[in-house]
Undergrad: 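Before I ask anything, here is the structure I am working with.
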Amino acid sequence: MSAYKSLYDRSITDKESFWLEAAKDIHWDQFPTVTLDESNAPFYRWFPDGRTNACYNAVDLHVDNGRAEQTAIIYDSAVTDESRKISYRELQVRVSKIAGMLQQGGVVAGDRVIVYMPMIPEAAIAMLACARIGAVHSVVFGGFAANELAVRIDDCQPKAILAGSCGLEPGRVVEYKPLLDKAIELATHKPSHCYIWQRDQSKASMTQAHDVHWQEAESKASPAECVAVNANHPLYILYTSGTTGAPKGVVRDTGGSIVSLKWTMKSIYGVDPGDVYWAASDVGWVVGHSYIVYAPLFHGNTTVLYEGKPVGTPDPGAFWRVISEHKVRVLFTAPTAFRAIKKEDPKGEYLAKYDISHLDYLFLAGERCDPDTLEWAQQVLQVPVIDHWWQTETGSSICANYAGIEMLPIKVGSPTKPAPGYKLKALNNDGSECKPGDIGALVVESPLPPGTFPTLWNAPDRFVESYFKNFPGHYETGDAGYIDEDGYIFVMARTDDVINVAGHRLSTGAMEEVLAGHPDVAECAVMGAADTLKGQVPVGMLVLNSGCDRSEADICKEVIQKVRGEIGPVAAFKCAVVVTRLPKTRSGKILRATMRSIADGTEWKMPATIDDPVILDEITESLATIGYPQKTDE
Ligand code: COA
Ligand code: AMP
């Protein structure tokens, strides 16, 4: 039997002993005597009486075990031309001082701390400092607007906020402090302290009573020790998009996360302690939490924290430079990054300037990987390119290939086979299993393995309602797809209003709420249209109030600005068009899927329940005026 198959089968038939064995590979202050508590399903608890600390496992353990002088973090900024190495010992000093700074500001175990930072080492150090004292961090991505930050402040009620003075986007300094001030003004909850990391590129003015100069406070702080917490103590909350505008606060617990993330580093990514590992993402996303910060540090790797883009900083050779300069063994990024590189350097000519011989694997995730991109990456890099599928909710991959166990044959278009602990099925609406090759809802039989989300912050009912209601006894991933005759999984589309823009998960429902708030908009729909670079981009269809005689172009510009101002530039909402009516079913449901097929130029059938088929001609014409369907390069 294949090594993967026997391991996977054991993780399903003998899950408790499988994960208890994996648990022996991490440091516990108190080793768990119970592996899984199933008494309150679907709120499963792994290792419920274990006690540990994530920061200890990520930092101190390596200092104690002979890795003190090894580089823990390489900070490489393509926007400031700076490259800096931080050893595990230096990391321990910084983390304990910042943890002390927080403690002296009144933060104790269980308090929430928001981290609103650009891609600088202090972002990772801040997360670890929270974990050190049992504070629960919630990182908010820098590309979100003040309003989104305010929603998160009110939901998780942070005692303190750690923020950078600015972020650096190519050609643009993003001032974080005014966004932070505005968010706190909008929010009902007020933090006690905001520690501002002053960057040289733009210093923030410290105007609020709660503002603290981070560098000064850190220099005066006494170091704090690690606080052992219960395995089920939340390590962090990470907000992600759901069907409605209100983001979901995905909770990650401590013990399960350390066990599962540590396990993945060798088994999935094939790296050993000491190897250089690079996840080219942002700490604001789950990939950043798991694979820029926690997993590589749990495993004693050197992690690369890159501030820059795949192209334009300064050219499409940016990734190859980082790989060669830092001897990266594994790169993990989103397909969109490779589409961007391919678009600017289709023949991969920039590669000739660099030695990337240390690279063993490229891992891709965050969105469906189109076969062209995967094959192109394989051809230019000459290493295995592994698509793997995962979600904020799961914290690591649901399906992958297993570089450290057994590399299964790659099928282009499939993220291969389920990771241990994931009993995956494709189900029809009535709950019956789909035949191989037939598309259904992708679900996982409960319980989910360790490291997955035990609940949603402040919203246990929403946890049950959103994920466990439609298919009792199963976690509903929100993705649709199929399983082929060989057991390979194919993830095809979301079943809800979530879209994926440049690997960023966004809610069309949230955008519709913003558009509907425009005084001239009577009705609207936002759909994710296929985009050759970003995978999908949002397109807004607007119906104006009757009697509105303002210029349609002006209104479109205003709603575009409104989404940027209220959700943030990351939404990449740049296309809106006015139509006289939206296509609907006779019961009034907007036919978004049909409009999306028209925008994508894919085949579609006239829905039997449509109230007025003629409207689709107008939709087709209107979409054509804004460039849909997109013309491909070929
Ligand atoms: N702070 C402030 N603004 C940000 C930001 C941040 N941290 N990150 C992105 N933005 C802004 C960008 O400046 C851009 O603004 P603009 O409309 O003024 O140009 C907008 O948000 C969209 O950003 P992005 O999605 O990054 O698009 P892009 O056109 O700048 O770059 C890619 C396109 C493909 C190069 C880029 O999306 C990329 O590198 N993606 C990698 C995917 C990734 O990391 N995914 C994470 C999951 S693995
Ligand atoms: P996020 O929670 O931001 O990581 O987004 C998770 C969603 O991204 C999933 O539910 C999928 O829709 C999509 N996704 C992530 N990885 C893949 C993949 N390898 N293939 C297809 N879709 C993916």
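Residue indices begin at 1 and follow the sequence shown. As a basis for the values below, the full set of heavy atoms in this structure was taken, side chains included, without hydrogen atoms, waters or symmetry mates. Every number for a ligand or one of its atoms is a count from 1 in the order of the listing.
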Undergrad: Can you find a non-hydrogen atom of Pro569 under 4.0 Å from ligand 1?
TA: yes
Undergrad: Mind checking whether Phe141 contacts ligand 1 via backbone (N, CA, C, O), side chain (CB onward), both or neither, at a 4.0 Å heavy-atom cut-off?
TA: side chain
Undergrad: Output yes when the distance from some N or O of ligand 1 to some N or O of Glu169 is under 3.5 Å, and no in every other case.
TA: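 Yes, Glu169 has an N/O under 3.5 Å of an N/O on ligand 1.
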Undergrad: Tyr75 and side chain to side chain donor-acceptor pair (under 3.5 Å): which single residue from Glu122, Glu307, Arg84 fits?
TA: Glu307
Undergrad: Go through the steps for Arg321 and Asp76 under the test salt bridge (Lys or Arg N to Asp or Glu O under 4.0 Å), then give the verdict.
TA: CA-CA 10 Å; Arg321 176 190 64 75; Asp76 185 304; 2.7 Å; yes
Undergrad: Quick one, list the residues around ligand 2 where some non-hydrogen atom comes in under 4.0 Å, by chain and residue number.
TA: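 Correct list: Val286, Gly366, Glu367, Arg368, Asp387, His388, Trp389, Trp390, Gln391, Thr392, Asp479, Val491, Arg494, Asn500, Arg505.
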Undergrad: Just to be sure I read this right, does ligand 1 sit under 4.0 Å from the backbone of Ala572, its side chain, both, or neither, counting only heavy atoms?
TA: neither
Undergrad: Using a 4.0 Å heavy-atom cut-off, which part of Arg339 comes near ligand 1: side chain, backbone, both, or neither?
TA: neither
Undergrad: Taking atom NZ of Lys425 as the centre, does the number of heavy atoms from other residues, nucleotides or ligands within less than 6.0 Å exceed 12?
TA: yes
Undergrad: In this structure, does ligand 1 have an atom that sits under 4.0 Å from one of the heavy atoms of Gly167?
TA: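 So Gly167 does not count as touching ligand 1.
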Undergrad: Heavy-atom contact under 4.0 Å between Ala280 and ligand 1?
TA: yes
Undergrad: Pull out every atom of ligand 1 sitting under 4.0 Å from any heavy atom of Arg172, numbered as shown with elements.
TA: 3 (N), 11 (C), 12 (C), 13 (O), 15 (O), 18 (O)
Undergrad: Under the 4.0 Å line, does any protein heavy atom show up next to atom 2 (C) of ligand 1?
TA: yes
Undergrad: Quick check for you: to the nearest 0.5 Å, what is the distance between Tyr482 atom OH and Asp438 atom CG?
TA: 10.5 Å
Undergrad: Report yes if some heavy atom in the side chain of Lys342 is under 4.5 Å from a heavy atom in the side chain of Asp372; otherwise report no.
TA: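 They are in side-chain contact.
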Undergrad: What atoms in ligand 1 come closer than 4.0 Å to a heavy atom of Ala502?
TA: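 Those qualifying, in numeric order: 25 (O), 37 (O), 42 (C), 45 (N).
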Undergrad: One residue to check: Ala279. Relative to ligand 1, which of side chain, backbone, both or neither has a non-hydrogen atom less than 4.0 Å away?
TA: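 Answer for Ala279: neither.
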Undergrad: So is Tyr176 close enough to ligand 1, meaning a heavy atom under 4.0 angstrom away?
TA: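 Checking ligand 1 against Tyr176, which is what was asked, there is a heavy-atom contact under 4.0 Å.
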Undergrad: Is Lys534 in polar range of ligand 1, meaning some N or O pair under 3.5 Å apart?
TA: yes
